[in-house]
Amino acid sequence: KKGVEADMTISDIAKLAGVSAATVSRVLNNKGYVKEETRQKIENLIQENGYRPNAVARSLTRSNTSMIAVIMSNRLNPFFANVLDAIESRAEQQGYSILFYNTSEDRDKECKAIAQAIEHRVMGILLLPVLDPDERTEELLAGAEDSGIPVVLIDRDLHNSDLDIVLIDNKKVVYEGVKLLIESGHRKIGIVTCPEVVKKGKTRLDGYVQCLKDYGMEMEDEYIYPGDFDEKSGYQACENLLGLPDPPTAVLVTCSSATLGCIRYLNEHSLQMGRDIGLVGFDDISLLGTLGYEITVMDRPMKEMGEIAYDLLTERMASPDTKRRRREILLQTRLIIRGSEKLQDVQAVS
């Protein structure tokens, strides 16, 4: 033994054996087909390296603690925080504990979190994937399901997934936001995009492009700012868009953190929403209302998303079915109109 058992993970054993983490999981749980030669190799490596689930995992297994893993890419984002609150509330009502992992949009952290959740023998996994997952994530999740741990995805899809998932209609929600701005008189509309893990043709940018096309308006590349899931990108987006020789009269933001950055920029430059510039944000962030900001937003049902994902998971936990079909729940969004989409004397610039 090498005395490294506390640091070893399923992924480490998989690398040593030259197989997928899912294959190692099948051997550990004695579930699913593995070629005998491969099985023997994995078992030898496990013994040679002194690998075993850590002490916490062993105690959880012995006590049969009802624990669900929630793996998210950014807890500081208001959307993620609200979804997590809904999951924790539901879990508390039903007597489950939450084992939370924050991956910070890091693929390696995500893989490590999934591997640790499997080792802890959690009852199920709720995953909001990182923006650019690789095949290791899908292999680990396949291994989890093979070992009887169901998985449900939230908000973002994987490339080749057959897992249950809860989503919103990304294209439709932005289409409706752009439509509102057009009907408010705007003809020069900027957009702050965000990275997305969704199927091609269903992104938020697609909604922007489609709405302009349907209203016979030309798309200006300079009005499209590639933002990120943080406040800084929203600030920089407004700095860039409103600094153009012919700036947009309205800005539509497609993620909640970037919305906060846009508001900070407008405040610092004494620009009033609904008077000097039109603004449509993303997600109804309660803090903004508390601070007196009346923002028109494209609102996702964050609480409902968390609750439905949790319910899908517990259904799988109660009735595991290895031959199941993927369930895709598409939730509806809504526009909450508060006046920030307007522009004083908008006809003068239309």
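Numbering of residues begins at 1 and proceeds along the displayed sequence.
- Side chains of Val151 and Glu145 form a contact here, defined as non-hydrogen atoms less than 4.5 Å apart.
- Taking the six-membered ring where the residue is Trp, Tyr235 and His269 present tilted rings, their angle falling between 30° and 60°.
- Listed by first and then second residue, the salt bridge (charged side-chain N to carboxylate O under 4.0 Å, His left out) pairs that reach into residues 244-265 are Lys188-Asp246, Glu231-Arg264, Arg264-Glu268, sequence neighbours excluded.
- Among all heavy-atom pairs drawn from Leu167 and Asp155, the shortest one is CD2-O, 3.1 Å.
- Residues forming a side chain to side chain contact (heavy atoms under 4.5 Å, CB included) with Asp299 (at least two apart in sequence, or on another chain): Asp284, Val297, Met302, Arg334, Ile336.
- Here the side chains of Arg204 and Phe282 are in contact, with some heavy-atom distance below 4.5 Å.
- Side-chain contact annotation: Tyr310 with Gln94, donor-acceptor N/O pair under 3.5 Å present.
- Within the 3.5 Å criterion, the main-chain N or O of Ile189 finds a donor-acceptor partner in the side chain of Tyr208.
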Quiz item: Do Glu294 and Met273 pass the side-chain contact (heavy atoms from CB on, under 4.5 Å) test, and can you show the C-alpha distance, the side-chain angles, and the key distance before you say yes or no?
Solution: CA-CA 9 Å; Glu294 295 296 323; Met273 296 169 287; over 6 Å; no
Quiz item: Passes salt bridge (Lys or Arg N to Asp or Glu O under 4.0 Å), Glu105 versus Arg156? Steps please.
Solution: CA-CA 12 Å; Glu105 297 291 0; Arg156 301 175 183 171; 3.1 Å; yes
Quiz prompt | Verdict with supporting geometry, Ile277 and Leu266, side-chain contact (heavy atoms from CB on, under 4.5 Å) | solution = CA-CA 9 Å; Ile277 181 104; Leu266 297 178; 4.0 Å; yes
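- Closest heavy-atom contact between Thr254 and Val192: OG1-O, 2.8 Å.
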Self-check item: Residues Glu328, Arg326; criterion salt bridge (Lys or Arg N to Asp or Glu O under 4.0 Å); working and verdict
Solution: CA-CA 6 Å; Glu328 183 174 309; Arg326 165 184 167 111; 3.1 Å; yes
Self-check item: CA sep, side-chain torsions, deciding dist, call: Asp214, Gln210, side chain to side chain donor-acceptor pair (under 3.5 Å)
Solution: CA-CA 6 Å; Asp214 289 350; Gln210 186 65 54; 2.9 Å; yes
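- By the ring-ring contact (aromatic ring centres under 6.0 Å, His included) test, Tyr225 is found to be paired with no residue, residues two or more places apart in sequence or in another chain being considered.
- The distance from atom CG of Leu163 to atom CG of Asp157, rounded to the nearest 0.5 Å, is 8.5 Å.
- With Ser73 contributing its side chain and Ser104 its backbone, the two residues share no donor-acceptor pair below 3.5 Å.
- Residue Met298 is tested with Thr333, Leu252, Asp283 for a side chain to side chain contact (heavy atoms under 4.5 Å, CB included); the sole match is Leu252.
- Between Leu335 and Glu176, the closest heavy-atom pair is CD1-O, 3.4 Å.
- Thr249 is not listed as a side-chain neighbour of Arg187, based on a closest heavy-atom distance of 4.5 Å or more.
- Atom CG of Leu271 and atom CG of Leu279 lie 11.0 Å apart (nearest 0.5 Å).
- Ion pairing of Lys303 with Asp85 is absent here, as no side-chain N (NZ or NE/NH1/NH2) approaches a carboxylate O to less than 4.0 Å.
- Note that the CG atom of Leu127 and the CD1 atom of Ile165 stand 9.5 Å from one another [nearest 0.5 Å].
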Exercise. Evaluate side chain to side chain donor-acceptor pair (under 3.5 Å) for Thr203 paired with Asp206, printing each intermediate quantity in order.
Key: CA-CA 5 Å; Thr203 69; Asp206 291 321; 2.8 Å; yes
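- In this pair, Phe229 and Phe80 present their aromatic rings tilted. The plane angle is within the 30 to 60° band.
- Leu126 and Ala309 get closest at one heavy-atom pair: CD2-O, 3.5 Å.
- In this structure the side chain of Tyr101 never reaches within 4.5 angstrom of the side chain of Met72, judged on heavy atoms.
- The two residues Ser270 and Arg275 come nearest to each other via the heavy atoms O-NH2, 4.4 Å.
- Inter-residue side-chain proximity for Arg136 and Asp108 is flagged as met; some heavy-atom pair is nearer than 4.5 Å.
- Annotation for Glu220: atom CD counts as buried by contact number, over 12 foreign heavy atoms lying within 6.0 Å.
- Using a 4.5 Å heavy-atom threshold, the side chains of Leu99 and Val122 count as touching.
- For the pair Ile149 and Gly124, the tightest heavy-atom approach, listed with the atom from each and the gap, is CG2-CA, 3.7 Å.
- To the nearest 0.5 Å, atoms CD1 (Ile71) and NZ (Lys109) are separated by 13.5 Å.
- We find that Arg327 and Glu315 are joined by a salt bridge, their nearest charged nitrogen and carboxylate oxygen being less than 4.0 Å apart.
- Between Val253 and Ile191, every side-chain heavy-atom pair lies at or beyond the 4.5 Å cut-off.
- Side-chain N or O atoms of Ser184 include one that pairs as donor or acceptor with a backbone N or O of Leu180 at under 3.5 Å.
- A distance-only check finds no donor-acceptor pair linking the side chain of Asp228 to the backbone of Ser233 [under 3.5 Å].
- With a 6.0 Å cutoff to the six-membered ring centre and a 45° limit on the axis angle, Arg300 counts as a cation-pi contact of Phe79.
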Practice problem: Apply side chain to side chain donor-acceptor pair (under 3.5 Å) to the pair Asn44 and Gln40, showing each step before the final yes or no. | Solution: CA-CA 6 Å; Asn44 289 341; Gln40 191 61 51; 3.2 Å; yes
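- Annotation: side chain of Tyr293 is not in contact with side chain of Arg338 (no heavy-atom distance under 4.5 Å).
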Exercise. Show your working on side chain to side chain donor-acceptor pair (under 3.5 Å) between Tyr215 and Glu183 and close with a plain yes or no.
Key: CA-CA 10 Å; Tyr215 277 82; Glu183 292 180 347; 3.1 Å; yes
